[in-house]
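Okay, structure first, notes after.
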2 protein chains.
Amino acid sequence: MRISELSATSGVPLPTVKYYLREGLLPAGERTARNQAEYGPEHLARLRLIRALIEVGRLSVADTRAVLAASDDPRMPLNEVLGAAHDAVTRRAAPTRPEPAWHEARAVVLDMARQRGWHIEPDCPALDQAADAVAAVLAADIPELYPLIDVYFDVVEPMARREVEAVLAMESPDQVVRGVVMGTILGESLFNALRLLAQQSVSTRLLDPGKGADGGGSGAETGA
Amino acid sequence: MRISELSATSGVPLPTVKYYLREGLLPAGERTARNQAEYGPEHLARLRLIRALIEVGRLSVADTRAVLAASDDPRMPLNEVLGAAHDAVTRRAAPTRPEPAWHEARAVVLDMARQRGWHIEPDCPALDQAADAVAAVLAADIPELYPLIDVYFDVVEPMARREVEAVLAMESPDQVVRGVVMGTILGESLFNALRLLAQQSVSTRLLDPGKGADGGGSGAETGA
DNA sequence: AGAAACGGATAGTAGAGCTATCCACTATCC
DNA sequence: GGATAGTGGATAGCTCTACTATCCGTTTCT
């Protein structure tokens with residue numbers, strides 16, 4: 001397979017494929033001549049993975065490179081790959097947080113986590129991100145929202161356990177690494193989308209009870 | 001309060017405050033002279049909300065404007081505001097999805113939702129986003145990940161119910177609107193952060209059982 | 001042989017999100 | 001009441017990201 005076929009099969013514009021090659025996201029093909037190279041199915045899979053991380057996972061090109069680099073290194077311990085994926089998902093603009101309210105929010109998160117027996121690294125960026133969100137919720141001064149923080153904690157715990165178990169159940173280390181990346185980054189996208197879907201479903205039922213039965217337009221009865 | 005005090009109190013650079021005024025995110029202050037205006041605490045709260053949506057919720061300036069416009073309109077029915085918030089969170093780069101695999105993924109999502117009795121608008125962007133993620137997961141060809149889709153469905157349903165209930169329990173319509181916006185957008189950020197925290201906690205316990213109470217060294221310590 | 005495609009390099013583009021400068025004017029402080 | 005600093009408003013500029021376009025000498029296909 002040459003570069004144009006790679007581009008055509010994947011749907012990624014050829015100049016963009018070249019760009020990814022330049023940026024080191026996509027490894028170079030096997031050169032068969034000074035200006036010809038052969039790409040295999042692994043390049044196609046890699047290209048699809050890149051696009052999934054960028055488009056579905058909304059990673060920047062730089063973060064994508066970091067995640068792929070971590071997952072490419074066979075000597076990288078699983079924890080580090082997980083960390084790289086987490087960092088890529090987490091390292092998103094640090095809000096202005098000089099305020100004492102932010103430290104209070106962080107303490108709240110840490111306390112709730114500790115009550116549940118979670119083991120937390122104090123310098124974990126996800127903790128700061130959680131504090132950002134809690135601080136914003138607290139600053140909004142809407143007390144009805146506060147119990148949701150507890151709800152999130154309760155809901156997320158069994159979910160994370162199932163996710164980690166699924167990933168660790170894989171056989172080859174290679175698949176574990178890919179599984180972590182896909183699970184972390186794509187799972188976030190999927191869960192967020194499902195949350196909106198579920199919210200719409202619930203709120204439609206509560207606000208527009210008359211509108212019930214017909215969801216997909218194709219008359220499937222909602223059995224439950 | 002004049003503009004410089006608004007800037008100083010909120011920590012937002014003055015040129016940026018001006019920019020938000022220009023862009024219509026922040027309403028103009030009450031003009032006391034041709035070139036003086038007075039800003040009240042509501043402007044400060046609004047400015048904080050804008051920053052929360054942009055920095056914590058990671059909305060673009062344009063999406064932030066759309067969400068705020070929807071939540072500002074007192075005649076906007078609740079469903080529409082919810083929809084605007086959902087759209088803002090959802091409208092994120094549409095992947096290339098001409099493939100039959102994508103329609104298959106969409107059908108999978110629709111089917112799972114229908115089995116659970118969800119009411120879904122067929123033209124809902126969140127559905128397409130879910131299909132994107134499922135398509136990417138299926139394309140990755142990691143069967144261990146598939147059961148997680150079910151897990152997400154199961155976990156998200158009670159969570160969304162609690163969220164919608166919390167929002168509908170509010171008294172003033174004004175607060176409901178703000179609650180929807182904050183809950184939808186900030187809740188997503190918070191939940192994502194908690195997911196990473198929980199994953200790290202679980203995986204540390206499973207992979208490094210000896211490492212109990214006192215942290216250091218693993219996972220995501222490269223950040224900040 | 002000749003058109004088309006190739007790889008590689010360099011340069012250019014569009015949009016987002018600020019940031020800087022200028023202006024005539026106003027408020028403030030001594 | 002005059003210096004000085006700040007104000008609102010407009011316009012221009014900047015940096016970064018993610019591509020996109022062009023050129024060039026080579027190679028491959030027919």
Side-chain angles (χ1 to χ4, degrees), chain A residues 1-40 43-44 47 49-68 88 91-96, chain B residues 1-40 43-44 47 49-68 88 91-96:
Chain A
M1 191 190 297
R2 280 167 320 213
I3 197 173
S4 64
E5 193 180 345
L6 195 57
S7 160
T9 314
S10 65
V12 178
L14 196 141
T16 305
V17 176
K18 286 184 169 186
Y19 168 65
Y20 292 155
L21 284 166
R22 273 200 312 278
E23 291 296 313
L25 305 194
L26 192 61
E30 195 178 348
R31 284 226 289 292
T32 61
R34 178 183 296 278
N35 66 338
Q36 305 290 166
E38 181 70 13
Y39 299 90
H43 288 93
L44 187 55
L47 188 50
L49 177 59
I50 292 168
R51 292 303 273 199
L53 294 180
I54 289 179
E55 296 190 323
V56 181
R58 301 188 50 72
L59 299 197
S60 68
V61 168
D63 283 345
T64 304
R65 179 174 39 226
V67 168
L68 292 175
R91 188 171 21 253
R92 333 183 110 167
T96 23
Chain B
M1 193 190 294
R2 279 167 320 209
I3 197 172
S4 63
E5 193 180 346
L6 195 57
S7 160
T9 313
S10 64
V12 178
L14 198 143
T16 305
V17 176
K18 285 184 169 187
Y19 169 64
Y20 292 154
L21 283 165
R22 276 201 309 280
E23 291 296 311
L25 304 194
L26 192 60
E30 196 178 348
R31 284 226 289 293
T32 61
R34 178 180 295 279
N35 67 336
Q36 303 292 169
E38 180 70 13
Y39 299 90
H43 288 94
L44 187 56
L47 188 49
L49 178 58
I50 291 168
R51 293 300 274 201
L53 294 179
I54 289 179
E55 296 191 322
V56 181
R58 301 189 49 76
L59 298 197
S60 69
V61 167
D63 283 346
T64 303
R65 181 173 39 228
V67 168
L68 291 175
R91 189 175 22 255
R92 335 183 109 169
T96 24

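Letters A, B, ... mirror the listed sequences (proteins, then strands); counts begin at 1. Just so you know, these numbers use all the heavy atoms, side chains as well, and skip hydrogens, waters and symmetry mates.
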Task: Protein-nucleotide distance (I3(A), atom CD1; dA9(C), atom C1'), rounded to Å - done: 13 Å
Task: Value in whole Å for how far the P atom of dT7(D) lies from CD of E30(B) - done: 17 Å
Task: Base paired to dC30(C) (Watson-Crick or G-U; both N/O distances under 3.5 angstrom) - done: dG1(D)
Open item on the list: Rounding to an integer number of Å, can you tell me how far R58(A) CZ sits from dT17(D) C1'?
Closed with: 13 Å
Cut-off 3.5 Å, no hydrogens considered: what does the side-chain donor-acceptor table look like for residues 13-24 of chain B, sequence neighbours left out?
from, atom 1, to, atom 2, distance (Å)
Y20(B), OH, R51(B), NH1, 2.7
E23(B), OE1, R65(B), NH1, 3.1

- [ ] Using whole Å, report how far CG of L53(B) lies from C1' of dA16(C).
- [x] 17 Å
Open item on the list: Rounded to whole Å, please give me the gap between CD in E38(A) and P in dG7(C).
Closed with: 9 Å
- [ ] Please identify each residue that fulfils salt bridge (Lys or Arg N to Asp or Glu O under 4.0 Å) with D63(A), with sequence neighbours left out.
- [x] none
Open item on the list: Whole angstroms only, please: what is the CG-P distance between L14(B) and dA20(C)?
Closed with: 11 Å
TODO: Do nucleotides 18-30 of chain D as a string where each nucleotide becomes B, S or -: B if the base has a protein heavy atom under 4.0 Å, S if just the sugar-phosphate does, - if no protein is that close.
DONE: BBB----BBSSS-
Task: Side chain S10(A), main chain L6(A), donor-acceptor under 3.5 Å - done: yes
TODO: Calculate the interatomic distance between M1(B) atom CE and dG6(D) atom C1'; express it in whole Å.
DONE: 16 Å
Open item on the list: How many whole angstroms separate atom CG of L21(A) from atom P of dC6(C)?
Closed with: 13 Å
Task: Any pair counted as side-chain hydrogen bond (donor to acceptor under 3.5 Å, both in side chains), so long as it reaches residues 25-39 of chain A, sequence neighbours left out - done: none
TODO: For the residue pair L53(A) and L68(A), establish whether any side-chain heavy-atom pair is separated by less than 4.5 Å.
DONE: yes
TODO: Would you indicate whether the side-chain heavy atoms of L25(A) and L47(A) approach each other to under 4.5 Å?
DONE: no
